[in-house]
Amino acid sequence: MDIQFLGGAREIGRSAILVDDSLLLDFGMLTDNSPQFPIETPNPDAVVVSHGHLDHVGTIPSLLSGKSRPPIHWTPPTYELTLTLAQDTLKLHGGSYNCPFTQTDLKRVTQVSKTHGYQETFEAAGYDVTFYNAGHIPGSAHVLVDDGDTRLLYTGDFHTDDQRLVSGTTARPEADVVICESTYSDLEREERSVVEERFAESVETTLWEGGTVVVPAFAIGRTQELMLICDAYDIPCYVDGMGKQVTEMLQQYPEFVRDANAFQRAKSHARFVTGRNGQRKRITEQKAAIITTSGMLSGGPAMTYIPEIRANPMNKITMTGYQVEGTPGRDLLETGSAEIDGRVMPVSAQVEQYDFSAHADRDGVLEVLDSYRDSTVLVNHGDRCEAFAEELRGDGFDSSTPELGDAVSV
């Protein structure tokens with residue numbers, strides 16, 4: 001089995017792995033000020049997708065811009081999320097370098113889509129392929145590829161601990177080769193329950209004192225997780241941005257969330273924002289949490305909320321995800337001001353950060369790899385892949401970290 005890394009090697013973003021020039025695993029983009037795409041566009045016989053985040057699916061429609069029409073295999077939520085993200089990319093960047101596909105390409109995606117549930121083996125490009133719950137977001141999957149001689153496990157992104165939205169991964173299928181993500185291989189994280197309680201107490205205190213809390217959140221996974229937390233702690237909340245559409249979609253697939261009843265209660269508890277007739281400005285005067293995109297303050301309804309609440313030190317902004325260097329969210333955390341909607345604004349409101357990551361930390365990654373001590377481990381999707389692979393070798397693993405463009409025979 002020959003494995004070529006077209007993206008995601010020694011970096012986080014644009015994941016793309018080609019197996020034997022015929023089976024493509026993921027095809028994402030690296031969302032930077034100038035987006036980066038996989039180093040080449042292959043012509044696979046089939047495509048298999050691990051989950052619906054931009055860094056894994058953002059460039060999928062471009063595979064159909066020529067004459068090829070390879071089938072694309074994924075879980076139902078991943079299919080739906082890919083369409084949602086692609087439509088958003090077209091809306092924001094269509095016709096520019098930042099969007100490498102057209103509306104026509106996106107329509108073709110619906111024509112070649114093949115959806116599968118967990119542990120339902122299917123055929124793709126001559127391989128037997130099976131999805132296993134990866135515990136990252138709804139529909140996320142470990143991908144097992146079997147050619148009859150070699151069993152390759154592509155972990156995709158995963159989490160070993162339960163979140164309110166999805167259960168942590170427990171799948172450990174037998175594999176000869178493992179391509180493992182390493183996003184937080186150097187971080188030991190607090191217990192999720194501790195982070196939740198601290199977040200809830202902070203929000204409740206602000207609301208009791210008469211303030212408003214803006215909660216920037218990623219639309220996929222994070223918004224829904226925070227809705228569940230607000231419901232569990234009886235925190236009044238509004239939901240705005242793409243997270244509304246994602247929430248509505250996920251209701252159609254109750255088997256892909258941890259507790260469908262809890263999810264329904266959280267949706268009923270939250271109030272969805274329409275944005276009509278100045279609603280957003282009125283909401284900023286409410287004693288409530290406002291869960292809204294974008295998670296890094298680079299656009300979306302947050303551009304309305306932050307200017308409205310920024311001057312009052314009784315108000316609060318709670319960042320709930322990693323803030324990439326150079327984004328307004330990162331600037332706000334580091335300097336107390338940020339460029340919001342084209343203007344640099346000082347912020348007097350309190351600013352806090354909470355780690356609600358949907359990735360496994362160091363202990364979680366090692367817990368999964370402990371089941372594969374006799375396998376070849378290829379480390380990818382991280383900022384310190386080389387260092388982590390070296391640590392694994394020191395612990396007896398056959399481990400390495402391919403570079404971008406490398407082809408590895410296993």
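Contact annotation: the side chain of Thr160 never approaches that of Val365 to less than 4.5 Å [non-hydrogen atoms, C-beta and beyond]. Counting heavy atoms from C-beta outward, Gln350 and Met314 have side chains that stay 4.5 Å or more apart. The closest side-chain heavy-atom distance from Val377 to Asp398 is not below 4.5 Å. Between Ile229 and Phe199 there is a side-chain heavy-atom pair separated by less than 4.5 Å. Side-chain contact between Thr335 and Leu332 is absent, with no heavy atoms from C-beta onward closer than 4.5 Å.
In this structure, OH on Tyr127 lies 6.0 Å from CG on Leu23, to the nearest 0.5 angstrom. Distance check: Thr75 OG1 to Tyr253 OH gives 9.0 Å after rounding to the nearest 0.5 Å. Interatomic distance, Leu333 CG to Met319 CE, rounded to the nearest 0.5 Å: 5.5 Å. Rounding to the nearest 0.5 Å places OG of Ser185 at 10.0 Å from CG of Leu369. Note that the OG1 atom of Thr304 and the CZ atom of Arg280 stand 5.5 Å from one another [nearest 0.5 Å]. Interatomic distance, Arg393 CZ to Ser400 OG, rounded to the nearest 0.5 Å: 7.5 Å.
Using a 3.5 Å distance cut-off with no hydrogens or angles, the side chains of Asp105 and Ser65 do not pair a donor with an acceptor. No side-chain donor-acceptor contact under 3.5 Å links Tyr118 and Glu255. Remark: the Gln119 side chain and the Thr130 side chain contain no N/O donor-acceptor pair separated by less than 3.5 Å. Using a 3.5 Å distance cut-off with no hydrogens or angles, the side chains of Lys287 and Thr212 do not pair a donor with an acceptor. A donor-acceptor contact closer than 3.5 angstrom is absent between the side chains of Thr169 and Asn133. Residues Asn43 and Ser68 have side chains that bring a donor and an acceptor to within less than 3.5 angstrom of each other. Remark: the Thr150 side chain and the Asp176 side chain contain no N/O donor-acceptor pair separated by less than 3.5 Å. For the residue pair Trp74 / Thr82, no side-chain donor-acceptor distance below 3.5 Å is found, with atom types taken as modelled. If you check the side chains of Thr183 and Glu181, you find a donor sitting under 3.5 Å from an acceptor. Residues Glu80 and Thr84 bring no donor and acceptor atom of their side chains to less than 3.5 Å of each other.
Glu391 has a carboxylate O that lies under 4.0 Å from a charged side-chain N of Arg384, or vice versa, which qualifies the two as a salt bridge. With salt bridges taken as basic N to acidic carboxylate O contacts below 4.0 Å, one links Glu334 and Arg330. A salt bridge links Glu225 with Arg192: the closest approach of a Lys/Arg side-chain nitrogen to an acidic carboxylate oxygen falls below 4.0 angstrom. Ionic pairing of Arg189 and Asp355 is present here: one or more N-O contacts between side-chain nitrogen and carboxylate oxygen are shorter than 4.0 angstrom. Salt bridge status for Glu352 with Lys316: present, with a side-chain N to carboxylate O gap under 4.0 Å.
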* To do: Show your working on side-chain hydrogen bond (donor to acceptor under 3.5 Å, both in side chains) between Ser268 and Gln264 and close with a plain yes or no.
  => CA-CA 6 Å; Ser268 298; Gln264 176 58 52; 3.1 Å; yes
* To do: Show the numbers, then the answer: is there a side-chain hydrogen bond (donor to acceptor under 3.5 Å, both in side chains) between Glu386 and Thr401?
  => CA-CA 6 Å; Glu386 294 169 274; Thr401 176; over 6 Å; no
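Within the cation-pi definition used here (under 6.0 Å to the ring centroid, within 45° of the axis), Lys281 does not qualify as a partner of Tyr305. Judged by a 6.0 Å distance limit and a 45° cone about the ring axis, Arg14 is not positioned over the six-membered ring of Phe37.
Between His116 and Phe122, the gap from one ring centroid to the other is short of 6.0 Å. Ring centroids of Phe158 and His142 are separated by less than 6.0 Å, placing the two rings close together. Ring centroids of His56 and His51 are separated by less than 6.0 Å, placing the two rings close together.
The main-chain N or O of Asp149 is found under 3.5 Å from a side-chain atom of Asp147 such that the two form a donor-acceptor pair. Between the side chain of Asp146 and the main chain of Gly148, a donor-acceptor pair closer than 3.5 Å is present. Between the Arg258 side chain and the Gln163 main chain, a donor and an acceptor come within less than 3.5 Å of each other.
Exactly one of Ile72, Asp26, Leu25 qualifies for a side chain to side chain contact (heavy atoms under 4.5 Å, CB included) with Val47. That residue is Ile72. Checked against Val214 for a side chain to side chain contact (heavy atoms under 4.5 Å, CB included), the options Asp240, Thr292, Thr284, Ile291 give a single hit: Thr292. Checking Ser50, Cys180, Ser182 one by one against Thr155, the side chain to side chain contact (heavy atoms under 4.5 Å, CB included) holds for a single residue, Cys180.
No more than 12 heavy atoms of other residues, nucleotides or ligands sit less than 6.0 Å from atom CD of Glu325. By the 6.0 Å contact criterion, CD on Gln245 is open, its count of non-hydrogen atoms from other residues, nucleotides or ligands being 12 or less.
Ring geometry, His359 versus His381: the interplanar angle falls from 30° to 60°, so the pair is classed tilted.
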